[in-house]
Enquirer: 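I'd like to ask some things about the structure below.
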Amino acid sequence: MGYEFIQKTIPEQLAMMSEISPDKTAYLFPAENKRLSFKEIEEHANQTAKALLALGLRHGDHIGIWSYNCSAWIELLFGASKIGVVIVPLNTCYKYEELDDLCIRGDLNTLFLMEKFNGQSFHEITKHFFEKEEIKKRYPYLHHVVSLEPESEKPRLGWNEFIKKGECISNCELEKAMLKVKNQDDYLIQYTSGTTSKPKGAVLYQYGAMNTANAYAHLLHLDEKDCTCVPLPLFHCFGNILTLLGGLISGSTTIYLSYFSPRQMLTIMQEEHCTCMMGVPTMYFSMLGTPGFENYDLDSLEKAGIGGSVCPYELCKQISKGFQIDGLIIGYGLSEAASLCTLSDISEKEEQRIGSVGKALPGLEVSLADTSGKENPHISEGELLIRGYGVMKYYYKDVEHTAATLDKDGWLHSGDLGRRNEDGTFQVIGRLKDIIIKGGENISPSSIEERLLSMDNVRECQCVGVPDKKYGETVCACIISKDGNTIGLKEVRDYLKNKISDYRIPDYVLTMEAFPINGSGKIIKTKLAEVAKSLLNLG
């Protein structure tokens, strides 16, 4: 398969697909019973772009989207990209303080939101934005709050009223605004998950987003015959870059669940004859553990992708075997690099596809830094570095963290530890901050987790550091068993004896029902470590 870089902007690619495949279903939203063709998306994006212009938004302005996956989400995204308005995706798990912080730091001009989700009333949270003059002063750039519901209470606008405002904008005015958009323009400000510090806003641009998605679609061999089921949130760049733009580039159909439900996803994949699915490891195991899983007809599935967190080889093999698919691949990426840096081609051998996170994407550079923090092409282990089109421009309004993350040679310092294999593929060992230091010895949690996952009754495993009076820190293995029964310390230690160095063998074992995860489905290891310390009464 040949490979070419895309020079088109996002709206140019959408316009082309509308011409080439006008009636082909582009995006499907089961919760709304809505199927949108490429032509319909193009028409809705134009209406949305006009409505944004009618609100006074212009090239370079920022809009926040605080919503679960829905059709309005992508209409906003495509509409904004047509006129150079920058998207700021907001995590649906945010509370008032977090929303307040990003409305200020993200310089939001307009906030689009759902009314309620998962027991949380977004209407109640945001009504404070209008109550007092002091609060209005707090958000100097925020001029409008728009509900994604058809109608809404004043002073916020309902979606229908918002779209109607665009009727006063002529096609000529829209075209004039569109002419200003270039492929180097900002696409979105992707705030990091913030599990260890205040979220930082990675500024990603259209060319980088398009070509990262292009590489993803190319390596997955996506084409117009494919239909991909996506339970991932659009507020994360796995959703709003890889799957969204990957479908736009390949001409395939993309199904977005409003939220992840294993039974719903299995049902939809069966009904829609999906050929591909995406997810993080926890999602795959939730589906495999669904009662009656074996009764679902998933014969159409050919390929799948795992991202979001490290998934050891043994777990990948379980997923591949459970879903009976040979085209399973695992990639590596981060928000600061448009969510994907390395990936294998689905035609590669299993050892490469799931035994590593693959090679650098076409045209992207991936390397390692030594202990001095400098790029070193001669070492096999070190901090993963990324350079090229997918890398963010900078952290928005954050000079200090930008300087600490992007060096003078253009390398993005990921904070992840990696290993470079002889065949040019990479493996992710863990996070620099997750390394457990026991009596001066550095221990990579993944080196223990991989061994424990081969135990018969271990379904999932995460190793964390906990306080120790003698060594300062030691290893606690947190395990989810396959049958729900407790797995004891002696059982684990006996199993690991003679398999790994004695100093790496856990001193504590906890059997758990689930691990703490964030809104993107990633395991929050820092929180897991706190839970472990609490359960072990280690302070």
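A quick note: this is a predicted structure, and the numbers were derived from the prediction, not measured. Position 1 is the first residue of the sequence, and the numbers go up from there.
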Enquirer: Applying salt bridge (Lys or Arg N to Asp or Glu O under 4.0 Å), can you list everything that pairs with Lys527, at least two apart in sequence or on another chain?
Expert: none
Enquirer: Before we go on, tell me: are the rings of Phe5 and Tyr389 under 6.0 Å apart, centre to centre?
Expert: yes
Enquirer: Any donor-acceptor pair under 3.5 Å linking the side chain of Ser258 with the backbone of Asn69?
Expert: no
Enquirer: Using only atom types and a distance under 3.5 Å, with no angle test, would you say the side chain of Ser300 pairs donor to acceptor with the backbone of Cys274?
Expert: yes
Enquirer: Under 3.5 Å, is there a donor on one side chain and an acceptor on the other for His221 and Asp345?
Expert: yes
Enquirer: Side chains of Tyr395 and Glu336 only: does a donor on one sit below 3.5 Å from an acceptor on the other?
Expert: yes
Enquirer: For the side chain of Gln206 and the backbone of Gln184, is there at least one donor-acceptor N/O pair under 3.5 Å apart?
Expert: no
Enquirer: Between Glu12 (side chain only) and Thr9 (backbone N and O only), is there a donor and an acceptor less than 3.5 Å apart?
Expert: yes
Enquirer: Around atom OH of Tyr68, are there more than 12 heavy atoms of other residues, nucleotides or ligands at under 6.0 Å?
Expert: no
Enquirer: With side chain to side chain donor-acceptor pair (under 3.5 Å) as the test, would you mind laying out the steps for Glu115 and Ser152 before giving the verdict?
Expert: CA-CA 9 Å; Glu115 293 285 329; Ser152 187; 3.1 Å; yes
Enquirer: Identify which one of Ile329, Leu245, Leu222, Ile241 satisfies the side-chain contact (heavy atoms from CB on, under 4.5 Å) criterion when paired with Tyr216.
Expert: Leu222
Enquirer: For Glu272 and Arg35, run salt bridge (charged side-chain N to carboxylate O under 4.0 Å, His left out): C-alpha distance rounded to whole Å, both residues' side-chain angles, the deciding distance at 0.1 Å, then the answer.
Expert: CA-CA 12 Å; Glu272 298 295 330; Arg35 297 171 187 267; 2.7 Å; yes
Enquirer: Hey, are Thr243 and Tyr256 close enough side-chain-wise for a donor-acceptor pair under 3.5 Å?
Expert: yes
Enquirer: Of all heavy-atom pairs between Gly418 and Leu384, which one has the smallest distance, and what is that distance?
Expert: CA-CG, 3.8 Å
Enquirer: For Asp100 and Tyr139: C-alpha separation, side-chain torsions, deciding distance, then whether side chain to side chain donor-acceptor pair (under 3.5 Å) applies.
Expert: CA-CA 9 Å; Asp100 170 74; Tyr139 312 106; 2.5 Å; yes
Enquirer: Assess the side chains of Asn214 and Glu4: does a donor N or O sit below 3.5 Å from an acceptor N or O?
Expert: no
Enquirer: Closer than 3.5 angstrom, by distance alone: can the side chain of Thr254 be matched with the main-chain N or O of Gly247 as a donor-acceptor pair?
Expert: no
Enquirer: Count the heavy atoms of every other residue, nucleotide or ligand shown that sit under 6.0 Å from CG of Asn33, and state whether that count exceeds 12.
Expert: no
Enquirer: Checking side-chain polar atoms at under 3.5 Å, does Asn91 have a donor or acceptor matched by the opposite partner on Tyr191?
Expert: no
Enquirer: Quick test of your reading of the model: are Asp398 and Arg105 salt-bridged, counting only N-O distances below 4.0 Å?
Expert: no
Enquirer: Going by an N to O cut-off under 4.0 Å, is there a salt bridge joining Lys303 and Asp226?
Expert: yes
Enquirer: Assess whether side chain to side chain donor-acceptor pair (under 3.5 Å) is satisfied between Asn240 and Tyr187, documenting all intermediate values.
Expert: CA-CA 10 Å; Asn240 62 47; Tyr187 168 51; 4.7 Å; no
Enquirer: Return yes if a side-chain donor-acceptor contact under 3.5 Å exists between Lys82 and Asn46, otherwise no.
Expert: yes
Enquirer: Do any N or O atoms from the side chain of Asp409 and from the backbone of Trp411 form a donor-acceptor pair under 3.5 angstrom?
Expert: no
Enquirer: Taking the six-membered ring for Trp, are Tyr396 and His62 closer than 6.0 Å centroid to centroid?
Expert: yes
Enquirer: Salt bridge or not between Glu42 and Lys39? Use side-chain N to carboxylate O under 4.0 Å.
Expert: no
Enquirer: Looking at His236 and Phe238, would you say the former's side chain and the latter's main chain have a donor-acceptor pair under 3.5 Å?
Expert: yes
Enquirer: May I ask you to check whether Phe162 and Phe112 place their ring centres under 6.0 Å from each other?
Expert: yes
Enquirer: Without hydrogens or angle criteria, can the side chains of His273 and Asp297 be said to hold a donor-acceptor pair below 3.5 Å?
Expert: no
Enquirer: What closest approach, in Å, do Gly307 and Val280 show between heavy atoms, and which atom pair accounts for it?
Expert: O-CG1, 3.2 Å
Enquirer: If only side-chain N and O atoms count, and only distance matters, is there a donor-acceptor pair under 3.5 Å linking Glu173 with Ser170?
Expert: yes
Enquirer: Under the salt bridge (charged side-chain N to carboxylate O under 4.0 Å, His left out) rule, what pairs show up with a residue in residues 23-34, not counting sequence neighbours?
Expert: Glu32-Lys34
Enquirer: Looking only at side chains, do Asp101 and Tyr94 share a donor and an acceptor under 3.5 Å apart?
Expert: no
Enquirer: For a side-chain contact (heavy atoms from CB on, under 4.5 Å) with Val146, tell me which candidate from Leu113, Leu111, Thr110 qualifies.
Expert: Thr110
Enquirer: For Lys397, I'd like to know if atom NZ has over 12 heavy atoms of other residues, nucleotides or ligands within 6.0 Å.
Expert: yes
Enquirer: Do side-chain atoms of Arg353 reach the backbone of Ser344 as a donor and acceptor pair under 3.5 angstrom?
Expert: no
Enquirer: Quick one: does any side-chain atom of Thr253 pair with a main-chain N or O of Thr25 as donor and acceptor, under 3.5 Å?
Expert: yes
Enquirer: Do Thr275 and Glu302 pair up side chain to side chain, a donor and an acceptor below 3.5 Å, judged on atom types alone?
Expert: no
Enquirer: Can you tell me if His143 and Asn109 form a side-chain donor-acceptor pair at under 3.5 Å?
Expert: no
Enquirer: So, the side chain of Gln190 versus the backbone of Phe235: is there a donor-acceptor pair under 3.5 Å, distance only?
Expert: yes
